[in-house]
Amino acid sequence: MKTPSLNVQILLAAALGILIGMAFQVLGVLHPFVQGGLYVSSLVGTLFIDLLKMILIPLVFCSISVGISNLRQHQQMQRVWVTTLLFFISSMGIAILLGMAASWYFKPGAGLHLAMFEQAMQNYEAKQLPLSDFISQFLHGLFVNPFTALSQGNVIAVVVFALILGIALVKGGDRFQQLRTLMQQGLEITMLIVGWVMRLAPLGIMALLIKLVALQDVAMLSTLAKFVAVVLGTLLIHGLVVLPLILYLFTRHSPLWFWRGAREALITAFATSSSAATLPITLRNATQQLHVKPEIAGFVIPLGATINMDGTALYEAAAALFIANLVGVELSFVQQLVIFFTAMIAAMGAPGIPSAGMVTMVMVLQSVGLPAEAIAILLPIDRLLDTLRTAMNVQGDMVGSLVVQKLVKPDR
Ligand code: ASP
């Protein structure tokens with residue numbers, strides 16, 4: 001019998017992982033068989049993420065500097081920059097508006113009483129994160145000794161250094177041809193290794209989903225069901241309607257064609273809840289399945305994985321309105337505007353790792369005087385919501401690379 005394609009294997013593994021996770025949930029985590037199963041899935045899932053993270057930094061470093069250095073003409077480079085940033089800001093803006101509109105309409109949190117969550121809030125100590133500190137911390141983290149950044153796996157600092165190196169390679173011209181060739185080969189060899197890691201993806205994804213489903217806090221989920229439904233619903237609208245529409249309007253590509261090419265990355269993002277860990281696969285899907293030119297994908301995708309977060313932005317805004325409802329605060333128009341902007345900054349500043357959005361959300365809450373401790377209420381359900389928001393973050397990056405490619409029309 002023919003072995004099914006990797007794509008099919010991943011889909012089957014994801015479905016199987018969810019089913020086994022549900023069975024574990026029914027049996028209960030104390031069951032000895034479930035304990036053994038959870039130990040193995042935790043081990044396998046973590047190893048899969050470790051492999052992705054292992055290849056991540058060399059890949060980001062090579063792909064950005066090669067991508068930039070291939071955009072030889074100065075003008076083209078500027079066009080790519082500007083179009084990419086405009087795309088990121090607009091798509092995050094639309095996502096935030098969607099989240100805010102749905103929260104305003106459905107008012108999740110309005111019928112709940114804060115007293116129900118008092119215990120959780122007392123046990124949680126929110127770290128102070130004023131906007132000014134956040135911005136200075138973020139800017140301070142951009143320029144780091146590249147060797148430290150590489151060895152510590154500091155993605156954003158590696159992105160920044162690789163950008164500068166790429167520009168220097170362009171400016172330096174033929175003098176640096178050897179270095180350019182070396183980086184190009186570095187990129188090719190890391191992508192080859194990504195291909196090997198991908199063969200383990202079905203197993204890794206299944207393991208991650210078993211653990212995710214088995215450990216869901218079902219009681220908390222049903223208490224916050226309306227909020228969960230609003231967030232998941234708007235994330236789905238963004239992913240199934242808004243982004244495909246943007247894609248179609250700019251590139252005339254059909255959504256089905258897109259999802260067929262992007263599904264490995266989307267499922268991996270869903271299972272790992274990390275756009276950074278998914279990056280090697282996102283880049284592979286963008287260049288190999290969606291046919292984005294390496295010089296565009298090599299720039300847009302890694303940058304997007306660090307700053308373009310549609311799902312996170314939507315979530316941060318929706319969660320702030322949820323907490324306002326919960327504590328009974330009527331937000332003024334100006335306060336809602338503040339939430340719009342801080343949610344965008346908080347999403348851009350959140351690293352592509354699990355639950356990063358929860359940490360930066362403190363800033364959004366504080367910007368309009370909402371209690372940061374209220375985050376304790378959302379923590380138990382965060383792992384679940386992080387799945388879809390990370391998938392939307394990754395989908396935004398891939399749609400972005402296709403739109404940017406279309407708008408700047410790179411040389412053939
Ligand atoms: N987990 C998300 C990501 O990696 C970030 C977040 O919203 O927590 O893209």
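Keep in mind that what you see is a predicted model, and the values were worked out from it rather than measured. All ligand and atom numbering here is 1-based and tracks the order in the structure. In this chain, numbering begins with 1 at the start of the sequence shown.
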Between CZ on residue Phe88 and CG on residue Asp397, distance to nearest 0.5 Å:
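The CZ atom of Phe88 sits 5.5 Å away from the CG atom of Asp397.
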Can you name the one residue among Asp386, Asn308, Thr312 that meets side-chain hydrogen bond (donor to acceptor under 3.5 Å, both in side chains) with Asn393?
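Answer after filtering Asp386, Asn308, Thr312: Thr312.
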Does the pair Asn154 and Thr148 meet the rule for a side-chain hydrogen bond (donor to acceptor under 3.5 Å, both in side chains), with working shown?
CA-CA 8 Å; Asn154 179 345; Thr148 313; over 6 Å; no
Exercise answer, ligand 1 polar atom pairs (N/O) under 3.5 angstrom:
residue  : atom  : partner : partner atom : Å
ligand 1 : 1 (N) : Ser273  : O            : 2.9
ligand 1 : 1 (N) : Ile353  : O            : 3.0
ligand 1 : 1 (N) : Asp386  : OD1          : 2.8
ligand 1 : 1 (N) : Asp386  : OD2          : 3.3
ligand 1 : 1 (N) : Thr390  : OG1          : 3.2
ligand 1 : 4 (O) : Ser275  : N            : 2.8
ligand 1 : 4 (O) : Ser275  : OG           : 3.1
ligand 1 : 4 (O) : Gly352  : O            : 3.2
ligand 1 : 4 (O) : Ile353  : N            : 3.4
ligand 1 : 7 (O) : Thr312  : OG1          : 2.7
ligand 1 : 7 (O) : Arg389  : NE           : 2.6
ligand 1 : 7 (O) : Arg389  : NH2          : 3.4
ligand 1 : 8 (O) : Ala356  : N            : 2.9
ligand 1 : 8 (O) : Gly357  : N            : 2.7
ligand 1 : 8 (O) : Arg389  : NH2          : 3.0
ligand 1 : 9 (O) : Ser275  : OG           : 2.4
ligand 1 : 9 (O) : Asn393  : ND2          : 2.8

May I ask you to establish whether Arg252 and Tyr248 are in a cation-pi arrangement, using a distance under 6.0 Å from NZ or CZ to the six-membered ring centre and at most 45° from the ring axis?
yes
Will you find, in the side chains of Gln137 and Asp133, an N or O donor that is under 3.5 Å from an N or O acceptor?
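Short answer, no.
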Distance-only donor-acceptor check, side chains Thr278 and Thr272, under 3.5 Å:
yes
